[in-house]
Amino acid sequence: MPELPDVENFKRYLDATGLHQRIENVAVLNAKILHGCSGETLSQALTGHELTGTHRHGKHLFAAIDDGPRLMLHFGMTGRLAYFKDLKDDPEHDRLRLDFANGYHLAYVNQRLFGQAAIVEDLAQFVAEQELGPDAFANDLDEEAFQKLLAGRRGQVKSALMDQSLIAGLGNVYSDEILFKAHLHPKTPVNSLDRNVIAKLYRAMREVLRVSIDSGAGSEELFERLPDDYLLPHREEGDKCPVCDGEVQAIKASGRTAYYCPACQPLEREK
DNA sequence: TTCCATGTTCCGCA
DNA sequence: TTGCGGAACATGGA
């Protein structure tokens with residue numbers, strides 16, 4: 001589930017488990033996840049050092065190595081972290097494992113190998129090179145900044161939300177949830193949205209992110225802990241809309257399957 | 001067996 | 001230039 005809320009909770013998990021411990025050994029278990037560096041480079045950058053702090057930008061997680069370069073992790077479609085003591089608890093799709101001096105291990109687990117791990121020297125430069133827009137949950141992305149991002153933009157609102165170069169962190173699942181909360185059809189043209197609707201969309205985005213993080217995004221219990229009026233647990237064709245009891249529909253939008261409630265999210269809005 | 005999946009990138013086309 | 005649809009990548013579940 002690695003979109004912004006999930007990665008934010010992975011960050012907090014790493015903060016609570018893997019910081020300030022000497023890394024004795026690094027196991028690169030599948031080199032396909034390496035991005036622009038060899039396993040040797042990554043291993044050398046980490047071994048004998050400790051992780052001193054974390055940062056998240058969109059779906060990218062960074063862990064500073066002795067306040068110097070950073071270990072960058074991107075989780076693709078299936079990644080997560082796992083901290084454990086006994087190696088027999090090492091998860092099946094562990095691709096990169098840090099072995100700490102305290103005997104514990106931190107695994108970067110990624111079934112589908114779409115994720116990435118790298119050593120990043122300069123965070124700002126990396127964000128620029130990857131052409132990432134501002135983080136969707138960042139404090140300095142206020143409503144006015146959000147208005148400016150969407151100004152002059154064409155195309156569908158769902159595409160805009162998922163465009164990492166416009167705003168970083170939203171993917172297929174949470175963009176659906178945000179549009180559901182904002183009562184916007186996924187295919188609504190961005191240039192048809194007036195300031196008030198964009199303001200509503202902004203508030204929906206921030207609230208969905210905050211509530212999803214607080215509800216344990218990235219963990220098994222998310223669906224149980226989300227408020228009852230959230231679409232996520234009903235994100236299936238023909239399921240019942242949690243708000244109006246209409247039927248959830250699936251349509252293709254910008255190459256992905258978008259789930260929405262036609263009754264709550266009509267394409268043409270009267271404002 | 002076929003289709004589809006929470007992501008990204010590249011290509012051709014409008 | 002911008003945006004869109006499709007394909008590709010790798011793996012596994014329905």
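Letters A, B, ... are given to chains in the order of the sequence lines, protein chains preceding strands, and every chain is numbered from 1.
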Return the orientation label for the [X] and [Y] ring planes: parallel under 30°, perpendicular over 60°, tilted otherwise.
| X | Y | value |
| --- | --- | --- |
| A:H57 | A:H55 | tilted |
| A:F75 | A:Y108 | tilted |
| A:Y83 | A:Y13 | perpendicular |

Measure the distance from [atom1] on [X] to [atom2] on [N] and round it to the nearest whole Å.
| X | N | atom1 | atom2 | value |
| --- | --- | --- | --- | --- |
| A:R95 | C:dT11 | CZ | P | 7 Å |
| A:L34 | C:dA10 | CG | C1' | 16 Å |
| A:R112 | C:dT11 | CZ | P | 11 Å |
| A:H35 | B:dT9 | NE2 | P | 7 Å |
| A:F114 | C:dC9 | CZ | C1' | 5 Å |
| A:E236 | C:dG13 | CD | P | 18 Å |
| A:L113 | B:dT9 | CG | P | 17 Å |
| A:Q116 | C:dC9 | CD | P | 17 Å |

The contact string for nucleotides 3-8 of chain C, one letter per nucleotide 5' to 3', using protein heavy atoms under 4.0 Å with B, S and - for base, sugar-phosphate only and none, comes out as SSS---
query: Does A:D239 come within less than 4.0 Å of A:R235, counting only side-chain N to carboxylate O?
result: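 Not counted as a salt bridge, because no side-chain N and carboxylate O are separated by less than 4.0 Å.
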Would A:R97 and A:D99 pass as an ion pair if we require N to O under 4.0 Å?
yes
Open item on the list: What's the gap between B:dC3 and C:dG6 when it is taken at their P atoms, as a whole Å value?
Closed with: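 Per the computed distance, 15 Å lies between those P atoms.
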- Whole-Å P distance, C:dT1 and B:dT8: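 24 Å, rounded to whole Å.
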Under the rule of Watson-Crick or G-U wobble with both distances under 3.5 Å, where | means paired to another strand and [ ] a crossing pair, DNA chain B maps to .||||.||||||||
The residue, A:Q111 or A:Q164, whose nearest nucleotide of DNA chain B is more 5′ is A:Q111
Of A:Y259 and A:Q130, the one whose closest nucleotide on DNA chain B sits nearer the 5' end is A:Y259
Of the candidates B:dT8, B:dT9, B:dT6, the side chain of A:K59 sits closest to B:dT8
TODO: Could you list all the side-chain hydrogen bond (donor to acceptor under 3.5 Å, both in side chains) pairs where at least one residue sits in residues 114-137 of chain A, not counting sequence neighbours?
DONE: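 Qualifying pairs: A:R56-A:D135, A:Q125-A:E129.
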Any donor and acceptor pair, going by atom type alone, linking the side chain of A:S192 with main-chain N or O of A:P189 inside 3.5 Å?
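The answer is yes, because a donor-acceptor pair under 3.5 Å joins these two groups.
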Aromatic ring proximity A:F84/A:Y104, centre distance under 6.0 Å: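 No, the ring centres sit 6.0 Å or more apart.
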Checklist entry - Does the separation of the ring centres of A:Y259 and A:F180 fall below 6.0 angstrom? => result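 For A:Y259 and A:F180, the ring centres are not under 6.0 Å apart.
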| field | Under-4.0 Å side-chain N/O to phosphate OP1/OP2 contact, A:H93 with C:dT11 | value |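 So the side chain of A:H93 is outside the cut-off, no N or O lying under 4.0 Å from OP1 or OP2 of C:dT11.
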Spatial distance of atom OG (A:S254) from atom CE (A:M162) [nearest 0.5 Å]
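Output value for this atom pair is 3.5 Å.
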message: Applying a 4.0 Å non-hydrogen cut-off, can you work out what A:R235 is touching in the nucleic acid: base, sugar-phosphate, or nothing?
response: sugar-phosphate
